[in-house]
Each structure stands twice: as C-alpha cells, then as structure tokens.
Amino acid sequence: DGKNEHHRRMKKDIEVGDGLPDLVHTSVCTKALGDVGFDVLEARDAMQDGHLEGGEAWYVPLTASWNPTKWPRFQFNPVMFKAMPLILRFFELV
C-alpha cells in the first residue's frame with residue numbers, strides 16, 4: 001500500500017538491505033519487457049498462487065523444516081549426521 005507509511009518503510013528497508021533499486025509492481029516489469037520486444041507469454045504474481053484459497057504460501061518450499069517427511073526442506077542437524085549412517089545401515093540389513 002503506497003499510502004501506508006509502515007509499508008513504505010518496510011519496502012525501503014528491504015531495498016536498502018538487499019542492495020536493490022526501487023521495487024516496482026510486476027505489471028510494470030511485464031510492460032517494460034513487452035516494450036523492448038519480448039513476447040510475454042505468461043506473467044503472474046506468485047504471491048497469489050493458492051495462498052488466497054487457503055493453500056501454502058509461495059515461499060513455503062524455500063523454508064527449512066525439521067520434519068523428515070518434508071524431504072527437500074528437511075534440515076539435517078548434528079544429531080542426524082550421526083544417526084543417519086546407523087539408520088541407513090539398519091535398512092541395508094533388513
């Protein structure tokens with residue numbers, strides 16, 4: 001929200017913290033791509049994919065998880081580094 005001071009401050013902090021230029025809406029980027037000759041076949045805001053219908057947010061696959069059933073997101077901790085060889089050897093014997 002461009003009128004909300006808190007939102008403007010958060011946007012500026014993100015830009016400064018990540019070394020980014022002024023952030024613009026995705027529609028501005030899509031229009032700029034079309035203006036320079038690209039054929040834009042699809043453009044969407046990933047933030048709205050499923051999140052508004054009660055699904056997972058777009059960034060959930062990027063977040064870490066301690067749940068081993070969430071395999072790509074699962075983080076091995078020092079305990080697991082010691083336990084995993086034992087677990088794998090057990091399954092090898094079974």
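Electrostatic pairing of Glu5 and Arg8 counts as a salt bridge here, judged by a charged N lying under 4.0 Å from a carboxylate O.
Residue pairs meeting the salt bridge (Lys or Arg N to Asp or Glu O under 4.0 Å) criterion with at least one partner in residues 21-31, sequence neighbours excluded, are Lys11-Asp22, Lys31-Asp35.
The two residues Val40 and Gly34 make their nearest non-hydrogen contact at CG2-N, 4.1 Å.
Under the side-chain hydrogen bond (donor to acceptor under 3.5 Å, both in side chains) criterion, Arg44 pairs with Glu42, Asp49, not counting sequence neighbours. Every residue two or more places apart in sequence or in another chain was checked for a side-chain hydrogen bond (donor to acceptor under 3.5 Å, both in side chains) with His6, and none qualifies.
Cluster membership for Phe38 and Leu41, using ILVMFWY side-chain heavy atoms within less than 4.5 angstrom, is not shared.
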When you look at Met10 and Asp13, which way does the side chain to side chain contact (heavy atoms under 4.5 Å, CB included) test go after all the steps? CA-CA 5 Å; Met10 284 178 31; Asp13 288 346; 5.7 Å; no

